[in-house]
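See structure below.
Both backbone and side-chain heavy atoms feed into the values below; hydrogens, waters and symmetry mates do not. Each chain gets a letter, A, B and so on, in the order its sequence line appears, and its residues count up from 1.
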Amino acid sequence: MSTLHAPILRWYDRHQRDLPWRSADASAWGVLVSEVMLQQTPVARVLPVWAAWMERWPTPAALAAEPTGEAIRMWGRLGYPRRALRLHAAATAIEERFDGRVPDTYEELLSLPGVGDYTAAAVASFAYGARHVVLDTNVRRVLARTVAGHEFAGASVTAAERRLAEAVLPTEDAPLWAVASMELGALVCTAANPRCGACPVADQCAWRLAGSPAYDGPPRRGQAWAGTDRQCRGRLMAVLRDADGPVHRTVLDGAWADAEQRERALAGLMSDALVEQVGPDTYALPG
DNA sequence: CAATCGTGGTA
DNA sequence: TTACCAAGATT
């Protein structure tokens with residue numbers, strides 16, 4: 001498996017995408033913003049929002065100085081708007097606890113709202129050059145196939161999986177390995193219809209060598225959507241985002257027919273601090 | 001550990 | 001058209 005590195009790094013050198021948060025002059029703040037936006041969200045959708053976000057809030061201090069509702073509005077249709085709220089909270093924490101500078105250690109990064117294991121490792125690696133296992137869905141799939149011989153990684157990260165990722169992590173240039181293996185998973189070793197013909201390690205891929213056996217693990221749950229509270233919340237948030245100011249209850253009523261579910265969703269959004277009630281029958285993004 | 005949390009592109 | 005799924009975190 002030690003022979004994975006050279007081909008993948010060579011492939012990355014030739015095929016890497018030119019993403020703005022990878023540029024040499026990207027700030028640690030820019031890297032952090034990109035990583036949070038990229039959680040469960042495709043690169044293509046993040047690009048324009050990241051650019052607008054960084055222009056408006058080039059530093060954590062700039063974001064922390066504004067109401068959370070502005071962050072939620074700027075988040076647009078990226079999805080999972082609690083990420084916008086947490087990014088704002090992270091900016092505030094960076095101001096208060098780290099003197100305005102994005103922290104450079106895994107532990108300190110992990111202490112920020114909305115930053116979990118992946119994001120902490122990614123920022124420490126990509127913004128500061130630290131050596132960490134950066135275990136995202138792409139890397140997990142690449143290792144599952146090339147080393148373990150399975151089509152897909154399991155539902156959650158296992159201890160064995162983490163040990164494997166640690167064993168593969170090179171001593172030198174760990175961040176380069178992290179970004180290269182992620183990029184391979186994103187562009188070639190994709191979940192559906194992998195482009196094995198373009199893969200630099202196809203000849204040593206355990207999954208291929210085993211005849212590309214179909215996934216036989218536990219069923220991978222799909223994400224229910226139609227008619228769910230999530231869809232209802234999304235509708236309500238879209239109405240509030242697109243409005244200039246407070247919105248009357250009757251307007252929200254028009255966004256979702258089922259009154260009981262609508263009320264539950266609205267209560268949940270307020271509980272999450274994504275929405276606030278500003279009058280007897282009016283609601284708005286938090287000011 | 002499992003459930004929850006948005007959105008839109010693609011096959 | 002439906003189903004899958006994209007650089008996860010939190011509870």
NZ/NE/NH1/NH2 to OD/OE distance under 4.0 Å, A:Asp272 and A:Arg233: yes

Below 4.0 Å: OP1/OP2 of B:dG6 and any side-chain N or O of A:Arg233: yes

Return the 5'-most residue of the pair A:Arg86, A:Gly185 with respect to DNA chain C, ranking by each residue's nearest nucleotide. A:Gly185

For nucleotides B:dG6 and C:dT11, find the distance between their P atoms and express it as a whole number of Å. 14 Å

Distance check: side-chain N/O of A:Arg141 vs OP1/OP2 of C:dA6, anything under 4.0 Å? yes

Spell out yes or no: do the side chain of A:Thr41 and the base of B:dG6 have one donor N/O and one acceptor N/O closer than 3.5 Å? yes

Using the closest heavy atom to pick a nucleotide of DNA chain B for each, name whichever of A:Arg77 or A:Thr228 lands nearer the 5' end. A:Thr228

Please determine if A:Arg162 and A:Asp117 form a salt bridge, counting it only when a charged side-chain N lies under 4.0 Å from a carboxylate O. yes

Between C:dG8, C:dC5, B:dC5, which nucleotide has the shortest distance from any of its atoms to the side chain of A:Phe152? C:dC5

Using whole Å, what does the distance between atom P of nucleotide B:dT7 and atom CG of A:Asp229 come to? 13 Å

With DNA chain B as reference, determine whether A:Ser156 or A:Arg82 sits nearer its 5' end, using the nearest nucleotide of each. A:Ser156

Answer yes or no: does a side-chain N or O of A:Arg241 lie under 4.0 Å from OP1 or OP2 of B:dT7? yes

Separation of A:Leu87 atom CG from C:dG8 atom P, in whole Å? 16 Å

Gap in Å between the two P atoms, one belonging to B:dA3 and one to C:dA7, rounded: 23 Å

What I want to find out is whether A:Arg101 reaches A:Glu95 closely enough, with some N-O distance under 4.0 Å, to be called a salt bridge. no

Do A:Arg73 and A:Glu66 sit within salt-bridge range, that is, some charged N less than 4.0 Å from a carboxylate O? no

Check ion pair A:Glu108-A:Arg97 (N to O, under 4.0 angstrom): no

Tell me whether the OP1 or OP2 atom of C:dG8 has a side-chain N or O from A:Gln40 closer than 4.0 Å. yes

Given DNA chain C, 5'-ward residue of the pair A:Phe126 and A:Leu110, judged by closest heavy atom: A:Phe126

Between B:dT4 atom P and A:Gln231 atom CD, what is the distance in whole Å? 15 Å

Nearest-nucleotide pick for A:Thr119, side chain only, options being C:dA6, C:dG8, B:dC5: C:dG8

Report the nucleotide, chosen from C:dT10, B:dC5, C:dA9, that has the shortest atom-to-atom distance to any side-chain atom of A:Tyr80. B:dC5

Quickly work out the A:Trp225 CH2 to C:dC4 C1' distance and round it to whole Å. 15 Å

Please evaluate the base of B:dT7 for a donor-acceptor partner in the side chain of A:Arg45 within a cut-off of under 3.5 Å? yes

